[in-house]
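Input: a single structure, listed below in structure tokens.
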Amino acid sequence: MSFINSFFLFALGAAALPVLFHLVRRLQAKKVMFSSLMFLQATQKEVVRKRRLRDVLLMLLRCAVFALLALVFARPFLPQETLPFLPEREARSVVLLVDQSMSMQAGDRFERAKQEALTRLAEAEGSDEFSVVAFSDAAQQLTPLSEDVSLHQAVLSSLEAGYQPTDFYEPLRRATEILNDARNEQRTIVFISDFQQAGWTGTLDNWKLDPGIAFVPVTVADGAVANAYVEGFAVRTQRTGTDVAVQFDAQITAEGGRENEGNTALLSVDGAQVDQRTLGPRADHRLSAEQIAPREGFFQGELTLGDDALTADNRYFVTYAVTARPSMLAVDEGARGASDAFFLRTAFALGDNARYDFAEGGQGRLTRGILRGYNVVFLTAPGALTSSQVDALRNFMEAGGTLVVSAGDRPQVTALSGLLTSLGIGSATEVVNARAAQATDAIIGEVDLRHPIFEVFAGSGRGAILQPRFRRYLRVVPDSAATVLARYDTADPMLLERRVGSGKVLVYTSTFNTAWTDFALDESYVPFLYQLAKYAIESGATRHQYTVGEVVALRGQPEQVWDVRTPDGDVFQVQNDSTGAGFFREAAVPGHYVAVQGTRRFPFSVNVNPMESNLEARDAEEVYAAVVPPSDDVALTPEQATALAIEDEEKQQKLWRVILLLILALFLAETFLANRKLKPQRT
Amino acid sequence: MARTSPVRFIRPEVLSRIATLEMLARGVVEGFVTGLHRSPYKGFSVDFMEYRPYIPGDDPMRIDWKLFARSDRYYIKEFEDETNTRMHLLVDVSRSMEYASGEVTKRNYAFYLAASLAYLMVRQRDAVGLTLFDDDVRRTIPPRASKTHLHLLLREMEHAAPGGETALGKPLHALAERHRRRGFVVLISDLLDDSDTLVEGLRHFRFNGHEVMVFHVLDPQEIAFDFEDMVEFEDLETGKTMLVEAQVARELYQANFNRYQAKLKKACGLLGVDYIPITTDQPLDFALFNYLAARNGK
């Protein structure tokens with residue numbers, strides 16, 4: 001006889017209770033003082049013997065009732081000799097998916113995950129084959145499918161949790177691929193993870209496990225844990241006269257409520273403390289600080305939080321640059337009188353208080369060497385450019401510069417179209433006389449107010465940008481890769497944009513002066529220009545902040561080598577290609593990095609993905625339901641199949657009903673016997 | 001042990017119930033108050049002699065106000081100053097009377113009953129005496145009618161020492177010889193003795209012309225015998241023990257007891273003795289009330 005709930009068999013011990021009571025009652029014979037024994041007669045030995053026999057019978061009946069009750073709850077069944085319902089234990093092919101993302105560093109999750117994997121390996125029998133796959137946002141097969149358990153164990157033992165975020169799609173897809181080549185029919189994925197909510201990407205919504213593969217989710221999450229982390233950090237520099245103010249703005253999230261109360265956040269730059277805050281009981285905290293940059297150059301700092309369950313995300317590293325005043329160059333061949341360059345100079349060249357260094361010149365300045373010294377180049381009324389000038393401009397943009405092209409009031413349409421075509425932003429077709437075409441001047445009819453250039457015109461100032469009138473403009477047919485940021489009411493583009501390398505090109509289809517438009521006289525003109533400049537410079541700024549696993553682009557001399565020093569002290573070499581582009585792909589550890597190429601130095605910081613710091617998790621049942629298709633064809637693990645078969649067999653036999661009836665009969669017998677009077681003595 | 005009031009046996013609720021009834025003597029004790037018991041003024045003492053008109057100088061306390069209410073005249077109810085009725089209270093103080101399945105022992109219950117009767121008698125200016133006995137007479141106080149005497153009786157009951165075994169024959173015969181003047185004899189006992197011996201003793205009293213009442217004091221368990229399982233019983237008087245299967249023995253015990261009680265009852269009936277079984281869980285006043293009502297009906 002076997003049992004489904006065998007732990008109820010421990011209740012068989014209750015069958016000893018009647019024996020215990022029986023012995024206690026026998027030991028404690030009642031003694032009563034009575035007025036007289038004259039009406040009594042001592043009980044005959046035969047009656048006493050009968051009584052003892054009855055007591056023993058009652059005791060046995062009661063013991064049997066208790067024992068049978070325990071049996072009922074244990075749900076017994078009789079296994080068939082042939083065991084047709086129990087699947088044969090076949091050889092299995094098992095992929096052990098072990099989560100080594102950063103969230104697994106919380107507490108002892110990763111150690112438990114390894115232990116779970118080792119336990120599965122220890123259950124290996126016969127021709128069982130295993131493969132170990134470690135994953136975070138990518139999956140890596142560490143061992144091929146093999147029966148070499150010692151190899152799997154050795155690999156597992158050396159495994160450590162990393163800093164990468166989680167993506168559950170990749171490991172599941174990889175495991176399925178591996179099992180497609182498995183030699184055993186029984187195929188199982190053992191998925192060991194904390195099942196962090198952030199790891200369930202949208203890709204999994206439309207993905208289900210192949211039928212025929214059994215799925216065993218094993219969670220090592222340990223409920224809600226307190227964890228504070230930096231969800232976002234922004235550094236902005238603002239030039240005011242000769243000073244540069246550096247503004248720090250950090251968003252700190254403290255999961256776990258009051259457990260984080262009293263935790264501290266310390267911001268330091270180059271080893272000097274900038275600010276310190278104590279966290280309250282709330283989940284969201286904001287730390288804002290400002291300092292005047294003591295010099296120009298690179299700065300490295302960090303925001304440090306107190307210890308909690310997950311220490312890997314308690315330091316946020318930051319690198320930023322305080323640079324000299326951004327510079328812009330206006331290239332205007334016809335820079336005389338009220339030329340485009342004149343209006344640009346008037347707007348930007350403001351002496352010591354100017355936000356930008358402004359210069360102007362002819363097309364002869366369009367060389368790589370000269371352009372390298374500028375952030376923004378305004379190319380107004382361009383004539384025909386040489387190929388080297390075009391290359392210089394492209395190189396300028398690929399290095400992060402922004403080129404702003406305007407038609408000018410004497411455009412060479414063909415040459416301009418050639419330039420725009422070579423830059424991949426579109427083609428110029430003709431100069432449009434709006435008044436002739438539609439009897440009125442054109443105005444801006446459609447504008448993307450969410451774009452940084454136009455965002456200042458959103459809200460109450462929205463009407464301002466619609467005031468300028470455009471008598472003429474250059475009709476540009478945009479390339480499919482270009483983005484039109486604003487159109488005239490004639491539907492022709494007014495401002496277009498396209499990224500080129502790290503920089504971009506913007507095309508303004510009218511004039512910066514008053515030849516074709518009164519825009520330059522409008523109140524919205526200067527704000528428009530400054531927004532344009534700000535956007536051009538900020539979006540071309542070099543990034544210094546990366547997240548773990550991200551590829552860091554390093555631009556430098558072609559074919560030259562960068563030495564990149566990691567926070568661990570390791571040095572990686574990155575070679576630039578023929579265009580001067582190099583890519584560092586080893587940003588696996590959070591911290592401060594420095595890339596050096598000759599005299600060039602490029603510091604940057606790498607941080608963990610804040611999504612990974614959110615330890616909210618799904619439970620194993622949810623994971624199973626999310627991954628396994630809702631079908632009867634779903635493959636079961638041998639353990640699941642056996643359990644299911646046993647349950648079915650038990651339901652068919654329904655032995656518990658028979659036992660229950662037996663209990664009822666015994667109970668009736670006990671009642672009868674207990675109330676049956678022994679034959680009284682007669683005097 | 002703290003000394004308690006000698007009147008602790010008299011519970012006010014007992015007296016308030018008894019005092020509303022007329023206790024009628026069933027027989028006429030030699031030479032006294034003949035014919036007065038059938039007075040038309042029910043509710044008055046059985047022992048008053050006559051009414052006479054009030055004359056100045058009489059104690060106003062003696063005016064019968066109820067009669068005044070009916071006749072609009074002042075009458076004085078004159079009692080026999082000296083006792084005419086003698087009551088002998090014979091209380092069993094043997095060890096078997098110490099038994100109690102509840103809070104009240106049979107001995108205490110017997111004292112309650114004796115005290116109640118004594119008080120009632122003295123209130124009616126009848127003489128009451130007390131005899132404590134077990135297998136012999138332990139203490140005898142002759143009948144008197146004064147309140148001082150009542151206090152003496154009550155104090156005697158309170159300080160009565162525990163007795164020995166029950167043997168009703170010897171003390172009853174001795175007392176019958178001692179109290180030759182006819183009167184009431186009230187025997188309060190659990191009667192745990194040979195019934196023939198008891199009947200002989202009662203017969204001796206009747207032979208001397210006494211009116212006899214027997215209060216058979218029982219504990220409820222002595223009737224129900226509601227024990228279970230194997231019980232080792234120890235006799236309170238002899239210390240002997242007996243192992244008994246209670247459920248088996250119950251029927252036999254009750255049969256023996258009922259046979260004994262029936263025999264007593266029958267013998268008492270033949271002798272003209274009132275036999276009143278009473279259990280210690282019965283309200284004392286209730287028991288007395290029922291008895292007196294029965295007497296009134298005769």
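Please read these numbers as outputs of a predicted model, since none were measured by experiment. Naming convention: chains lettered A, B, ... in sequence-line order (proteins, then strands); numbering from 1 in each chain.
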### Query
Taking every heavy-atom pair that is under 4.5 Å apart, which of B:Asp235, B:Asp190, B:Thr241 has the most such pairs with chain A?
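It is B:Asp235.
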### Query
Among B:Arg95, B:Glu98, B:Glu234, B:Glu222, which has the most heavy-atom pairs under 4.5 Å with chain A?
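So the answer, after comparing B:Arg95, B:Glu98, B:Glu234, B:Glu222, is B:Glu234.
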### Task
Answer yes if the ring centres of B:His216 and B:Tyr275 are under 6.0 angstrom apart, and no otherwise.
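Under 6.0 Å, so yes.
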### Task
Tell me whether the centres of the aromatic rings in B:Tyr109 and B:Phe111 are closer together than 6.0 Å.
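No, they do not, as the ring centres are separated by 6.0 Å or more.
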Side-chain donor-acceptor contact under 3.5 Å, [X] with [Y]:
{"X": "B:Ser94", "Y": "B:Glu237", "result": "yes"}
{"X": "B:Thr140", "Y": "B:Arg178", "result": "yes"}
{"X": "B:Glu177", "Y": "B:His204", "result": "yes"}

### Query
Relative to chain B, which segment of A:Met38 carries a heavy atom at a distance below 4.5 Å: side chain, backbone, both, or neither?
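Only the side chain of A:Met38 comes within 4.5 Å of chain B.
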### Query
Under a 4.5 Å heavy-atom cut-off, does chain A meet the side chain of B:Asp194, its backbone, both or neither?
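It is neither, since no heavy atom gets under 4.5 Å.
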### Message
Can you tell me which portion of B:Lys106 sits under 4.5 Å from chain A's heavy atoms? Options are side chain, backbone, both or neither.
### Response
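Contact with chain A: side chain only.
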